[in-house]
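Below: the structure, in structure tokens.
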Number of protein chains: 2
Amino acid sequence: MLTIGKLAAETGVKVPTVRYYEQIGLLPPPERSSGNQRLYGPLARQRLAFIRHARALGFPLEAIRDLLSLSDRPELPCSAADAIAKAQLAAVQARIAQLKALEQELQRMVIQCAHGTIADCRVIEVLGDHGQCAHDHHTVPEAME
Amino acid sequence: MLTIGKLAAETGVKVPTVRYYEQIGLLPPPERSSGNQRLYGPLARQRLAFIRHARALGFPLEAIRDLLSLSDRPELPCSAADAIAKAQLAAVQARIAQLKALEQELQRMVIQCAHGTIADCRVIEVLGDHGQCAHDHHTVPEAME
DNA sequence: CTAATGTCTCTAGTAACTATAGCTGCAAGA
DNA sequence: TCTTGCAGCTATAGTTACTAGAGACATTAG
Ligand SMILES: [Zn+2]
Ligand SMILES: [Zn+2]
Ligand SMILES: [Zn+2]
Ligand SMILES: [Zn+2]
């Protein structure tokens, strides 16, 4: 049995994050020692590793919640899990496409600037007028985490 | 002079967002009508367009705050503005690289799954064990917005 | 035994908004 | 003129996924 600090060290998660995951119901309330400290077994360690790995792959916590409850029912068909992964893949790809458009515009701005005064700065000029842009990049990039 | 609704419609910003920008000091407090309603002139419209365009290119509001105060001093050299743009470009490129690693892992998971039961699902299996991954993708992707 | 570290709960803060509640302003139709 | 309905006002709380702090208790090393 591990205390929360050892569990956190083993999985590379911070201690408050472990408590946070418990608070929102991603981790079940663990046993407690006589002094009321949390004690974790190997199952909890596995579950936490699953959560962290899914987070590292960009899955939102709500998706991870669904994936965890699916993984608790091994006899079910995995189509629901696959759908979650596919949706995440699509989100990642959409974000990459959007960021590539931003990259091009930023690069144009930076390259075209003659490094004189603000009055002539290409960066300031382009930011003030989207007509100077080559691409659309219309929407504000949304957070994926 | 425009009311907040017209200004929002013209710039494609939502009304509460305009008030939010004023609240955090990105937009100056505008004139008010006799009935206490906000009235905006062309300078405010230009400033709001600048903010939105910079947001669309992924700049955080703090960077936009700096860019705006730079653009108010046209006689200064533009190196500070260029540095902000370069930092944003670097952030975008770093994010793209990270997302490409995620994309590959997600694609592997999705492709390798045989679509049987959860017990055999490659998605669930890989999420539970980073050893199954081909890349490192170690860190959790941070929001850029 | 004592001092240092670890853990406990609870609250608040982060970024950039968005949504809600409950009030007032204002223009047009009956 | 009345009214109805949208627009605008303030202020507060919710979103995501944590992170940081305060103040008290538990455990462990020396
Ligand atoms: Zn410049
Ligand atoms: Zn543009
Ligand atoms: Zn599957
Ligand atoms: Zn992995």
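Within every chain, numbering begins at 1; the chains are lettered A, B, ... in the order of the sequence lines, protein sequences first and strands thereafter.
- Side chain of B/Ile4, nearest nucleotide from C/dC17, D/dC18, D/dG8: D/dG8.
- Counting to the nearest Å, the P atom of C/dA16 and the CG atom of B/Leu48 are 16 Å from each other.
- Between the CG atom of A/Leu7 and the C1' atom of C/dG6 there is a distance of 14 Å, rounded to whole Å.
- Of the two residues contacting DNA chain D, namely A/Leu61 and B/Arg32, the nearest-nucleotide position lying further toward the 5' end is that of B/Arg32.
- Annotation: side chain of A/Arg55 is not in contact with side chain of A/Phe50 (no heavy-atom distance under 4.5 Å).
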Contact string for nucleotides 20-30 of chain D, one letter per nucleotide 5' to 3', B = base within protein heavy-atom range under 4.0 Å, S = sugar-phosphate only, - = neither, reads ------SS---

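- Note: CD1 (B/Ile24) to C1' (C/dA15) measures 9 Å, nearest angstrom.
- For B/Tyr20 and D/dG14, the OH to P distance is 18 Å, given to the nearest whole Å.
- A residue-by-residue look at A/Thr17 and B/Lys6 shows that B/Lys6 has its nearest nucleotide of DNA chain D further toward the 5' end.
- For the salt bridge (charged side-chain N to carboxylate O under 4.0 Å, His left out) test, residues two or more places apart in sequence or in another chain that qualify with A/Glu125 are A/Arg122.
- Between B/Arg65 and B/Glu62 there is a salt bridge, since at least one side-chain N of the basic residue sits less than 4.0 Å from a carboxylate O of the acidic one.
- In this structure, the CD atom of B/Glu31 is 17 Å from the P atom of D/dG8, given to the nearest Å.
- Annotation: salt bridge (charged side-chain N to carboxylate O under 4.0 Å, His left out) contacts of B/Glu31 (sequence neighbours excluded): none.
- Counting heavy-atom neighbours within 6.0 Å of A/Gln46 CD, excluding the residue itself, gives a total of 12 or less.
- In this structure, the CG atom of A/Leu26 is 12 Å from the C1' atom of D/dC18, given to the nearest Å.
- Whole-Å rounding puts the B/Gln23 CD to D/dC9 P distance at 13 Å.
- Note on B/Arg38: a side-chain N or O is less than 4.0 Å away from OP1 or OP2 of D/dT10.
- Here B/Tyr21 reaches the OP1 or OP2 of C/dC17: one of its side-chain N or O atoms lies under 4.0 Å away.
- Among the candidates A/Lys100, A/His130, A/Glu105, the single residue satisfying the side-chain hydrogen bond (donor to acceptor under 3.5 Å, both in side chains) test with A/His135 is A/Glu105.
- OP1 and OP2 of C/dG6 both lie 4.0 Å or more from every side-chain N or O belonging to A/Thr3.
- Atoms CD (A/Glu22) and P (C/dC8) sit 9 Å apart, rounded to a whole Å.
- Put simply, the side chain of A/Ile84 does not reach to within 4.5 Å of the side chain of B/Val123, judged on heavy atoms.
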